[in-house]
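See structure below.
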Amino acid sequence: ALLELVRYPDKRLRKRSQEVVAFDSALHQLLDDMHETMLANKGIGLAAIQVGVPKRVLLVHLPREDDTQVPEDCLEIINPTLMQTEGEILWKEGCLSVPEFYEEVLRYANITLGYQDRFGNARVLQAGELLSVAIQHEMDHLNGVLFVDKLSLLKRKKFEKEFKRNLKSP
Ligand code: QAP
Ligand code: CO
């Protein structure tokens, strides 16, 4: 089913999400509904709290060279932990919970990630570039952090200004 997106400045986006302990059919349904919701909104990444569920669950589904999103490419990441990081990279980010705003954020260039899949199996993933950035962005959601929190003071002011303007004339 299609779920409703939680948007800034909703307080739920500031919650710390809880570890998943049950890898059951309810979790699988959540993952499937999150995927449907992400694709319907033209997203490439989504954390569970963005649909109002405070669990440490995220999806990253990057498009291929021809810009299509192929179902088997979707990464389902549960209870992630950063095991290793390397370098820095500036990437222009957006977020389904902060529509129509895009700005550059400083991230680790390469990461090694430990996580669990939908069945609770432990996995390790190495990522660079966009995949690395997307995972870091979604992991921040699990701790109640948004990409706009990571902007320089000047760019944060620009965001606040645009947000207030959009409130008046959406
Ligand atoms: C997070 O972001 C991300 O404003 C995923 O109007 C960001 O899917 C990963 C979106 C940057 C890697 C790099 C945003 C869709 C989607 C919007 C998204 C919008 C429609 C954002
Ligand atoms: Co986001």
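Start at 1 and go down the list; that is how both ligands and their atoms are numbered.
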Q) Relative to the heavy atoms of Ala134, which atoms of ligand 1 are at a distance of less than 4.0 Å? A) 9 (C), 12 (C)
Q. Of the listed options (Ile44, Asn41, Leu5), which comes nearest to atom 18 (C) of ligand 1 when hydrogens are ignored and any heavy atom counts?
A. Ile44
Q: Of the side chain and backbone of Lys42, name the one, both, or neither that has a heavy atom under 4.0 Å from an atom of ligand 1.
A: backbone
Q. Quick check: does any side chain N or O of Glu138 sit under 3.5 Å from a backbone N or O of Ala47, one acting as donor and the other as acceptor?
A. yes
(Q) Go through it in stages, so that I can follow the logic: the residues are Asn79 and Glu19, the test is side chain to side chain donor-acceptor pair (under 3.5 Å), and I'd like the CA-CA distance, side-chain angles, deciding distance and then a yes or no. (A) CA-CA 6 Å; Asn79 299 335; Glu19 271 72 22; over 6 Å; no
Q.
To check your reading of the model: name the closest protein heavy atom to atom 7 (C) of ligand 1, its residue, and the distance in Å.
A. Gly94 O, 3.2 Å
Q: Output yes when a side-chain donor or acceptor of Ser97 lies under 3.5 Å from a complementary backbone atom of Val6, and no otherwise.
A: yes
Q: Please step through ring-ring contact (aromatic ring centres under 6.0 Å, His included) for the pair Phe147 and Phe159, ending with a clear verdict.
A: CA-CA 11 Å; Phe147 81 100; Phe159 166 68; 7.4 Å; no
Q) Above 12 or not: heavy atoms from other molecules or residues under 6.0 Å from CD of Glu4? A) no
Q: Around atom 19 (C) of ligand 1, find the nearest protein heavy atom and jot down its residue, atom name and distance.
A: Tyr102 OH, 3.4 Å
Q: Classify the ring geometry between His35 and His61 as parallel (under 30°), tilted (30 to 60°) or perpendicular (over 60°).
A: parallel
Q. Considering only protein heavy atoms, which is closest to atom 16 (C) of ligand 1, and at what distance to one decimal place?
A. Leu96 CD2, 3.6 Å
Q: Any atoms of ligand 1 less than 4.0 Å from a non-hydrogen atom of Pro99? List them with their elements.
A: 4 (O)
Q) Just by modelled atom types, is the Leu146 backbone N or O under 3.5 Å from a matching donor or acceptor in the Asp149 side chain? A) yes
Q) Heavy-atom contacts under 4.0 Å between Phe147 and ligand 1: side chain, backbone, both, or neither? A) neither
Q | Shortest protein contact, atom 1 (C) of ligand 1 (heavy atom only) | A | Glu138 OE2, 3.3 Å
Q) Any N or O on Glu100 sitting closer than 3.5 Å to an N or O of ligand 1? A) yes
Q) Is there a donor-acceptor pair under 3.5 Å between the side chain of Glu36 and the backbone N or O of Ala1? A) yes
Q) For ligand 1, is Met38 a contact, meaning one of its heavy atoms is under 4.0 Å away? A) no
(Q) Angle at the Co ion (ligand 2), NE2 of His137 to NE2 of His141, rounded to 10 degrees, please. (A) 110°
Q | Taking atom 13 (C) of ligand 1 as the reference point, the nearest protein heavy atom with its distance | A | Leu130 CD1, 3.8 Å
Q: Below 4.0 angstrom from a heavy atom of Gly43, which ligand 1 atoms are there? Numbered from 1 as shown, please.
A: 8 (O)
Q: Would you mind telling me which of Glu88, Glu93, Glu129 makes a salt bridge (charged side-chain N to carboxylate O under 4.0 Å, His left out) with Arg107?
A: Glu93
